Structure formats: structure tokens, C-alpha cells
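Owing to the predicted nature of the structure, the values given are computational and were not obtained by experimental measurement. Counting starts at 1 for both ligands and their atoms, following the listed order.
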Amino acid sequence: MSEVKERSLLGLTLQELTCVAEEAGQASYRGQQIFEGIYRRRVESPEQISNLPQPFRGALVEAGFSVGLPGIEKKFVSTDGTVRYLMALADGQSVETVWMPEGDGGEAGDGSEAGIEEENRAWNRATICVSSQVGCAVDCQFCLTALLGVKRNLTAGEIVGQICALLNEQHVLLPQDRVNIVFMGMGEPFLNYDNFMKAVRLLVEGVGIAESRMTVSTAGIVPRVYDFGSEPVRPKLAISLNASNDELRSRLMPINRKWNLEKLMAAARDFPLRPRERLTFEYVLLSEVNDSAQNAREAVELVRGLRAKVNLIALNPGPDIAFETPSEERILQFQKILIAAGVPAFVRRPRGRDIFAACGQLKRTVELQTI
Ligand code: SAH
């Protein structure tokens with residue numbers, strides 16, 4: 001018996017799926033039905049694409065096709081409701097995907113949501129943080145993922161698959177449930193640009209998540225920032241600034257030696273924003289390293305004139321990370337300087353720190369030590 005190579009349907013475009021159907025001697029529109037089955041209805045196996053004729057479903061399986069959803073290997077639930085998932089990929093590698101629900105906190109309070117049969121959900125909006133690579137090559141000194149190095153790029157199917165697996169696990173109904181996607185998990189999306197962008201298009205056209213609900217964060221891969229600006233369909237852009245001058249940034253983020261602040265900020269200035277769109281800059285605050293009043297003033301100069309906001313993230317600590325989280329007072333002082341200079345600045349609440357799910361903590365940590 002010849003060995004059948006497993007092929008996953010997730011990651012294939014409508015056109016590619018149409019070819020799969022045609023090569024199997026089926027009508028072209030069967031491609032559309034597979035597309036809807038795997039992305040919109042998020043089936044788990046070809047047998048579940050119920051509008052395909054049974055023999056064709058069998059033939060797909062016979063030919064080695066599977067949907068290709070990653071398996072949920074482990075999950076860790078935080079006291080704040082965040083869930084960190086360890087997703088198993090076909091080759092034995094794994095990545096992490098994080099689910100961050102937001103309760104309605106009773107704000108609505110007017111019963112407007114009542115009457116919807118909603119199995120008593122604890123959330124009315126959620127954000128999924130997705131990985132783009134196994135590990136990361138960028139080597140930011142404050143990030144745990146960097147310690148893994150980069151193992152490989154994820155395929156478009158593996159990127160979309162993380163999201164579909166989570167949407168299924170959380171019983172999300174689209175389009176009515178509000179879900180945001182952030183490409184801010186393990187890896188540098190702009191070093192896996194083509195697969196990342198292919199995944200974006202499949203999410204928009206197939207899964208049904210608007211690109212306006214997606215944000216990608218880059219450590220500053222400048223040529224890809226330009227490419228990204230010319231994409232007809234694209235998420236919002238966030239740039240990890242993390243330092244206010246080149247000397248400091250090169251120390252914290254070695255990638256700055258290749259594309260320094262002048263090049264990065266030029267790309268940010270040239271970036272074609274849509275009406276009402278803003279750029280986001282992330283700034284990880286490291287106590288007594290990049291969080292002084294002088295650093296804040298330098299950061300103001302960098303972003304001056306840009307339609308942008310700054311998200312301040314207090315360092316999420318981790319083993320082998322040689323930095324400390326600043327005091328609340330220093331964080332607020334930094335924020336105050338930005339705001340006084342007219343730069344919108346927000347202090348991001350850490351999510352899932354207790355389970356190593358917060359920014360910079362994704363390292364497939366399985367043993368949970370207290371920190
Ligand atoms: N590689 C991309 C995507 C990762 S996003 C990028 O660098 O932008 C992760 C965000 O978390 C980045 O803004 C990064 O600067 C930030 N981060 C990394 N390590 C962190 C840590 N230990 N504490 C807080 N934020 C961290």
C-alpha cells in the first residue's frame with residue numbers, strides 16, 4: 001500500500017480548493033462548498049462538509065485531505081478569564097494562542113442584550129492573540145519567546161487554524177459575536193509576511209472577520225512595513241517601539257541595528273492610514289532602563305506629528321529576563337508626559353500574567369511556577 005501524504009485544506013484559497021474539486025472530477029462550485037465548510041462553518045473533518053456528495057467526501061479523505069485544525073494540547077486558565085492554549089501542529093511542533101474575553105461589566109445595563117439565547121456567556125467581546133512562527137528570531141532582550149529561537153514559519157493554514165480551533169472551542173458565532181484578532185503571539189509576523197497576509201485574506205473572505213478588527217504588531221521590519229501599506233486588505237498596524245533612542249533600542253532590540261529609528265519612523269510617517277485610522281506604538285516599560293522622564297520626552301519627539309497612539313506595557317516578568325517591572329508611579333509619570341505633549345497614551349492592563357499568557361511571556365511554559 002502506498003503511503004498517502006496528509007494534506008490540509010485549511011490554508012487553501014477558494015481558487016486552490018476549486019482546483020482540488022476539479023482534479024477530483026467534480027464541478028467547480030464544489031470548491032466553494034469546501035471553502036464555506038472549512039472557513040465559515042469551521043468543520044473538523046471533510047466528512048462534515050454536509051453539502052458535498054458522500055462519495056466526494058470519502059474521496060477527499062482517501063486522497064489524504066484533512067481539515068488540518070491544530071489540536072488543543074493544553075490550556076491554562078487565568079484568574080482574569082484569559083486562557084492560554086498550547087496548540088499542537090502536524091509535525092509535532094507547538095505554538096500558543098491566547099483567548100482574552102471581556103465581560104460587559106454591566107455597562108449596558110438596559111437589557112438591550114436580553115432575550116438572546118446566549119448560554120450565559122461571561123463575555124460579550126473577546127480578543128484572540130495568534131502566533132505567526134514557532135519561536136522567534138528577533139531576540140528582544142525582554143521577551144521570553146526570544147529564548148526559543150525560531151524553529152520555523154507557520155503556514156497560512158496553521159495561522160487560520162489557531163483561530164478556527166479557538167472559535168470552535170469557545171462556541172463563537174460569527175458575525176454576531178464580536179471578536180478581535182491580534183497578530184501578537186509568538187513570532188514576528190513580518191518575517192513570515194506572505195503566509196501572514198494569506199491568512200488575513202482567508203480570515204476576511206472565509207471565516208468572516210473584518211480586517212478592521214485585526215491588528216498586527218511588528219518589531220520593525222521596515223521593508224515589510226512599506227509592503228503592508230500597499231495591501232488592499234490589511235489589518236491595523238502596531239509598531240513595537242520600546243525605546244526612545246537608537247543606543248537604547250539597539251541594546252534592547254538588536255533588530256534596530258539593521259533598521260534604526262530613523263528608518264523605522266520614516267516608514268511610519270509614510271504609512272498610508274485610512275480615514276480615522278491611527279498607528280499604534282507599543283512601549284514596554286522596563287524599570288530604570290527606558291522609563292525615565294527623559295525617555296518619555298524623547299518618545300514624544302519621535303511620534304510628534306503622527307496620527308498615532310502609544311500603548312504602554314509594563315514589563316511582564318519571566319525567568320531569565322534581566323529587567324524589572326516599573327512602579328505604578330513611574331508608569332503614570334511616563335504616561336503623563338506623553339499626554340501633556342498631546343500624544344494619546346494608554347497603560348495596558350496585563351492579561352493572564354499568572355499563567356504566562358501576557359505579552360512577551362509565550363514560551364510554551366508548561367510548568368507554572370509562581371513569579
Ligand atoms: N514580534 C512582534 C509581535 C509580538 S507582539 C512584535 O515584536 O511586535 C508582542 C508585544 O509584546 C510587543 O510589543 C513586545 O514589545 C511586547 N513584549 C515583549 N516582551 C514583553 C514583556 N516581557 N513584557 C511586556 N511586553 C512585552
Kindly state whether the ring of F196 and the ring of F183 have centres lying under 6.0 angstrom apart.
-> yes

If you have a sec, work out which protein heavy atom is nearest atom 15 (O) of ligand 1 and how many Å separate them, to one decimal?
-> N242 ND2, 2.9 Å

Number the atoms of ligand 1 from 1 as they appear, then name those within less than 4.0 Å of a heavy atom of A219, with their elements.
-> 6 (C), 7 (O), 8 (O)

Show which atoms of ligand 1 fall inside a sub-4.0 Å distance from at least one heavy-atom site of I313.
-> 24 (C), 25 (N)

Note: R152-D91 ion pair, threshold 4.0 Å (strictly below) | yes

Within the 4.0 Å heavy-atom cut-off, what N316 brings close to ligand 1 is both

Per atom 2 (C) of ligand 1, closest listed option by heavy atom (A358, S217, G360, C143) = S217

Value rounded to 0.5 Å, distance of CG in L261 from CG in D246 = 4.5 Å

Can you tell me if Q33 and R30 form a side-chain donor-acceptor pair at under 3.5 Å?
-> yes

Could a heavy atom of V138 be found less than 4.0 Å from some atom of ligand 1?
-> no

Only one of F142, F346, F334 passes ring pair (Phe, Tyr, Trp, His ring centres under 6.0 Å) with Y283, and that residue is F334

Passing option when L285 is tested against L315, I313, T325, L312 for side chain to side chain contact (heavy atoms under 4.5 Å, CB included) = L312

Can an N or O of F142 be found at a distance shorter than 3.5 Å from an N or O of ligand 1?
-> yes

How close does the nearest protein non-hydrogen atom get to atom 9 (C) of ligand 1, and which residue and atom is it?
-> M184 O, 3.8 Å

Between V284 and ligand 1, which residue portion shows a heavy-atom distance shorter than 4.0 Å: side chain, backbone, both, or neither?
-> side chain

E282 neighbourhood, listing ligand 1 atoms whose heavy-atom distance to it stays under 4.0 Å | 13 (O)

Could you give me the CA-CA distance, side-chain angles and deciding distance for Q48 and E44, then say whether side-chain hydrogen bond (donor to acceptor under 3.5 Å, both in side chains) is met?
-> CA-CA 7 Å; Q48 292 170 348; E44 291 176 354; 4.7 Å; no

Between E96 and R84, is there a side-chain N and carboxylate O pair less than 4.0 Å apart?
-> yes

Would you mind listing which atoms of ligand 1 come within a distance below 4.0 Å of any non-hydrogen atom of T218?
-> 6 (C), 8 (O)

The closest protein heavy-atom partner of atom 11 (O) of ligand 1 is C359 CB, 3.3 Å

Considering only heavy atoms of G187, which atoms of ligand 1 have at least one such atom less than 4.0 Å away?
-> 1 (N), 2 (C), 3 (C)

Residue, atom name and distance, where the atom is the protein heavy atom closest to atom 6 (C) of ligand 1 = S240 OG, 3.4 Å

Shared ILVMFWY cluster between V130 and L89, side chains joined below 4.5 angstrom?
-> yes

